[in-house]
Asker: 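Handing you this structure, nothing more for now.
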Amino acid sequence: MLRNIMSVVIGVIIAAALFSLAALIMLLTIASKVKGHGEESDLDGISKVFDVVSFLVIFTCFFIGGYITGRISTKKDMIHGAITGIVLIVLLAYASDFDKSTEAIIYYVVILPFTLIGTLMAVRVKKRKKLI
């Protein structure tokens, strides 16, 4: 039972740490592109790229968090993956002050499937190793 609880905690911590690291890298990238005040900086050119990269980073981090949870848990892997996804949704919503914009709601809705896909991949790897 303790291992299952720790699987959720470790999955959330890993996903949050990866997300924080990626956010710091993206922040430093944006800061290096700023040349001055609003009119002088060329942030319009990188805004679409930034949106796509941030979307991919968020879901990659949550996929890895779900994968770690699935690898560590002993029983009912998908339930623990779902709990990890729900905790990550709550943490992201809290970090964004419970933003209700369309983009934020899409992030909230899509996080759970990505976390569950990561957990499912971990379950398949565990089953394959048992067969060998």
Side-chain angles (χ1 to χ4, degrees):
M1 181 167 159
L2 183 63
R3 185 171 173 175
N4 292 326
I5 293 170
M6 290 306 295
S7 72
V8 172
V9 171
I10 291 171
V12 168
I13 289 172
I14 294 290
L18 289 174
F19 180 70
S20 298
L21 180 64
L24 180 63
I25 291 169
M26 286 190 282
L27 178 67
L28 292 174
T29 303
I30 289 174
S32 70
K33 299 290 182 188
V34 174
K35 297 175 186 169
H37 296 290
E39 296 90 25
E40 299 172 4
S41 56
D42 185 29
L43 293 179
D44 291 335
I46 66 168
S47 67
K48 295 295 181 188
V49 174
F50 178 74
D51 288 343
V52 171
V53 169
S54 66
F55 185 80
L56 292 174
V57 164
I58 286 172
F59 296 118
T60 302
C61 293
F62 295 145
F63 174 85
I64 293 171
Y67 183 83
I68 297 294
T69 298
R71 289 289 297 187
I72 296 174
S73 66
T74 57
K75 295 181 181 177
K76 300 179 183 174
D77 301 313
M78 296 307 286
I79 291 174
H80 294 105
I83 293 169
T84 301
I86 291 168
V87 170
L88 289 170
I89 290 169
V90 170
L91 287 176
L92 184 64
Y94 179 75
S96 63
D97 292 329
F98 297 97
D99 187 15
K100 294 180 181 106
S101 67
T102 306
E103 182 178 322
I105 291 173
I106 290 172
Y107 282 153
Y108 302 152
V109 170
V110 180
I111 287 171
L112 189 60
F114 271 83
T115 308
L116 290 175
I117 290 170
T119 306
L120 183 63
M121 296 300 290
V123 169
R124 287 186 177 203
V125 168
K126 285 190 335 187
K127 285 183 181 178
R128 241 185 242 154
K129 286 193 175 188
K130 285 182 183 178
L131 292 175
I132 295 177

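What's counted below: heavy atoms across the whole structure, side chains too, no hydrogens, waters or symmetry copies.
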Asker: Taking side chain as C-beta onward, heavy atoms only, is Ile89 less than 4.5 Å from Phe62?
Answerer: no
Asker: Which distance, rounded to the nearest 0.5 Å, do you find between the OG of Ser54 and the CD of Glu103?
Answerer: 6.5 Å
Asker: Between Cys61 and Ala15, what is the shortest heavy-atom contact and its length?
Answerer: O-CB, 3.5 Å
Asker: Looking at every heavy atom in both Tyr67 and Ala122, which two are closest together, and how far apart are they?
Answerer: O-CB, 3.3 Å
Asker: At their closest point, which heavy atom of Leu112 faces which heavy atom of Gly85, and how far apart are they?
Answerer: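 In terms of heavy atoms, the two residues are closest at CD1-CA, 3.9 Å.
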Asker: Look at the side chain of Thr69 and the backbone N and O of Gly81, then say whether any donor-acceptor pair between them is shorter than 3.5 Å.
Answerer: no
Asker: Would Leu2 end up clustered with Ile68 when hydrophobic side chains under 4.5 Å apart are linked, directly or stepwise?
Answerer: yes
Asker: How many angstroms lie between atom CE of Met121 and atom CD1 of Ile117, to the nearest 0.5 angstrom?
Answerer: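 Rounded to the nearest 0.5 Å, the CE-CD1 separation comes out at 9.5 Å.
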Asker: Mind jotting down which residue pairs meet the ring pair (Phe, Tyr, Trp, His ring centres under 6.0 Å) criterion with at least one end in residues 72-105? Sequence neighbours excluded, please.
Answerer: none
Asker: If hydrophobic clusters are built by linking Ile, Leu, Val, Met, Phe, Trp and Tyr wherever their side-chain heavy atoms come under 4.5 Å apart, do Ile83 and Phe114 end up in the same one?
Answerer: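 Result: yes, single cluster for both.
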Asker: Residues two or more places apart in sequence or in another chain: which of them pass ring pair (Phe, Tyr, Trp, His ring centres under 6.0 Å) with Phe19?
Answerer: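 Once residues adjacent in sequence are excluded, Phe19 has no partner under the ring pair (Phe, Tyr, Trp, His ring centres under 6.0 Å) criterion.
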Asker: Would you call Lys76 and Asn4 a side-chain contact if the rule is heavy atoms closer than 4.5 Å?
Answerer: no
Asker: Looking only at atom types and distance, does a side-chain atom of Lys126 sit under 3.5 Å from a main-chain N or O of Ser73, one as donor and one as acceptor?
Answerer: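 Yes, the answer is positive, given that a donor and an acceptor are paired below the 3.5 Å cut-off.
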Asker: Taking it one step at a time, do Phe59 and Phe63 satisfy ring pair (Phe, Tyr, Trp, His ring centres under 6.0 Å)?
Answerer: CA-CA 6 Å; Phe59 296 118; Phe63 174 85; over 10 Å; no
Asker: Is it true that Ile105 and Val110 fall in one hydrophobic cluster, defined by side-chain heavy atoms closer than 4.5 Å?
Answerer: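 Hydrophobic grouping puts Ile105 apart from Val110.
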Asker: For the hydrophobic clusters of this structure (ILVMFWY residues joined by side-chain heavy atoms under 4.5 Å, transitively), does one cluster hold both Ile106 and Ile58?
Answerer: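 Both belong to a single hydrophobic cluster.
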Asker: Measuring from Tyr107:OH to Leu88:CG, what's the distance to the nearest 0.5 Å?
Answerer: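 Atom-to-atom, Tyr107:OH and Leu88:CG are 15.0 Å apart.
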Asker: Determine the sole option in Val12, Ile10, Val9 for which the side chain to side chain contact (heavy atoms under 4.5 Å, CB included) test with Thr84 is passed.
Answerer: Val12
Asker: Within the distance-only criterion (no hydrogens, no angle test), does the side chain of Asp77 pair as donor or acceptor with the backbone N or O of Thr119 below 3.5 angstrom?
Answerer: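 No, Asp77 side chain to Thr119 backbone: no donor-acceptor pair under 3.5 Å.
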Asker: Are more than 12 heavy atoms from other residues, nucleotides or ligands located less than 6.0 Å from atom CE of Met78?
Answerer: yes
Asker: What are the two closest non-hydrogen atoms of Met26 and Val53, and how far apart are they?
Answerer: SD-CG1, 4.0 Å
Asker: To the nearest 0.5 angstrom, please state how far the CD1 atom of Ile111 sits from the CG atom of Leu116.
Answerer: 12.0 Å
